[in-house]
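In what follows, a structure is listed as structure tokens, so that the remarks can point back to it.
Order of appearance sets the numbers: ligands from 1, and atoms from 1 within every ligand.
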Amino acid sequence: MKAIKEADSEIYSHMAAELERQKSVLNMIPSENYVSPAVLEACGSVLMNKYSEGYPFKRYYQGNKHVDEIEQIAIDRAKKLFGAEHANVQPLSGSPGNAAVFLAFLKPGDKFMGLDLACGGHLTHGSKVNFSGKIYQQVSYGVDEKTELLDYDKIREIALRERPRMIISGLTAYPRSIDFRKFQDIAEEVGAIHLADISHIAGLVASGVLENPVPFTDVVSTTTHKTLRGPRGGLLMCKEKYAKDIDKAVFPGMQGGPHDNNTAGKAIAFKEALKPEFKDYSRQIVKNAKILADTLMGEGIKLVTNGTDNHLLLIDLRPLGIGLGREVALALEEAGICCNANSVPYDSAGPFKPSGLRLGTPVLTTRGMKEKEMEKVGKWIADVIKDYKNRDLIGIVRQKVQDLCDVFPYY
Ligand code: DSN
């Protein structure tokens with residue numbers, strides 16, 4: 001960061017401090033990851049100087065000879081990675097990608113189904129405060145109150161009754177695998193488009209650790225920066241028959257010029273994800289999450305659905321008190337463990353003071369941590385949760401976290 005240091009010492013000092021923070025904490029926010037130096041270089045490159053409205057070899061601006069090649073490589077690699085008939089690598093992130101899908105298939109006021117945010121969905125799956133819930137009519141489905149699992153019979157029942165134009169599957173805080181095939185079947189039965197939002201699990205899907213919905217699902221959306229470990233960005237994949245609708249909805253429907261620097265970062269990340277090592281990485285993410293879950297439950301901590309199939313865990317703090325999520329997340333942050341407060345299904349405390357904690361293993365796994373480390377980390381998390389006001393304990397855990405981070409450096 002030599003040039004930044006010289007040009008703007010104020011921003012430089014914050015960036016340098018953020019780098020230190022990322023190195024010296026256990027980052028357990030399940031939607032974050034640490035990208036490779038190659039992806040970082042691409043995102044900070046001269047490609048950001050270019051405008052490229054249009055698609056490869058069909059642009060509205062001159063000078064796109066090299067950008068055309070880069071975007072085409074990104075498209076080809078995405079198709080290979082997920083076995084997709086068609087891929088659009090231009091969505092700036094997950095939300096604009098999903099917005100483009102709405103634009104492609106729904107008119108304002110049309111009905112669609114999405115997983116309730118408090119049960120693990122996403123803002124763009126129909127939250128009242130999001131474009132999806134304001135412009136379109138959301139019919140929500142939840143999880144079973146007892147098992148906290150998706151109930152496919154119930155989802156089918158709602159779909160048959162409501163006849164939505166689109167059904168969204170996918171998660172931001174559901175720790176179990178999703179039967180995307182069942183969603184596709186239900187959508188076909190009621191004549192709806194099925195959008196599978198695999199943003200959180202894309203890396204696990206690409207490596208075959210979780211089921212890949214791309215070959216049989218109408219449209220699949222994802223971000224590229226979570227378990228997939230690429231740059232901030234989005235990606236849409238669909239059956240060939242929807243390719244034109246999707247492309248037109250992304251540009252000129254939703255967006256102007258793509259961010260070519262991030263497109264290059266996506267291409268590099270897809271190449272990394274096609275390597276055999278990425279399979280090992282993905283397997284380890286899930287192994288780590290399972291060990292972490294077992295350790296926490298062994299310490300008497302309640303987990304939503306009593307475990308995990310993917311990269312994330314949702315801790316239910318209600319046995320300790322309603323609405324404790326943020327307070328405990330702050331205590332954990334002080335102890336050097338970064339996660340986020342999150343609603344749990346049927347949380348009476350509301351989204352501003354939720355009763356849960358969401359955490360995951362993608363970053364720790366990127367740093368090379370395995371089962372042994374997860375047992376330690378799980379024990380520290382449980383200690384802080386059970387005694388979150390104890391400043392001495394928080395200080396002791398902070399030191400242990402620092403020591404562990406020193407053994408697993410990154411950047
Ligand atoms: N903000 C992302 C997450 O944390 O799950 C979803 O967009």
[X] side chain to [Y] main-chain N or O, any donor-acceptor pair under 3.5 Å?
| X | Y | answer |
| --- | --- | --- |
| Arg326 | Lys353 | no |
| Tyr388 | Leu324 | no |
| Thr295 | Lys379 | no |

> Quick one: are the ring centres of Phe278 and Tyr281 less than 6.0 Å apart?
Replying inline: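 Yes; Tyr281 has its ring centre under 6.0 Å from that of Phe278.
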> If you measure only the distance, is there a donor-acceptor pair under 3.5 Å linking the side chains of Gln284 and Glu371?
Replying inline: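 Yes - a donor-acceptor pair under 3.5 Å links their side chains.
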> With a cut-off of under 6.0 Å to the ring centre and 45° to the axis, is Arg367 in cation-pi contact with Tyr34?
Replying inline: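 Checked: cation-pi criterion not met.
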Which pairs of N or O atoms, one from ligand 1 and one from the protein, are separated by less than 3.5 Å, and what is the distance for each pair?
from: ligand 1; atom 1: 4 (O); to: Ser31; atom 2: OG; distance (Å): 2.6
from: ligand 1; atom 1: 4 (O); to: Arg358; atom 2: NH2; distance (Å): 2.7
from: ligand 1; atom 1: 5 (O); to: His200; atom 2: NE2; distance (Å): 2.7
from: ligand 1; atom 1: 5 (O); to: Arg358; atom 2: NH1; distance (Å): 2.9
from: ligand 1; atom 1: 7 (O); to: His122; atom 2: NE2; distance (Å): 2.8

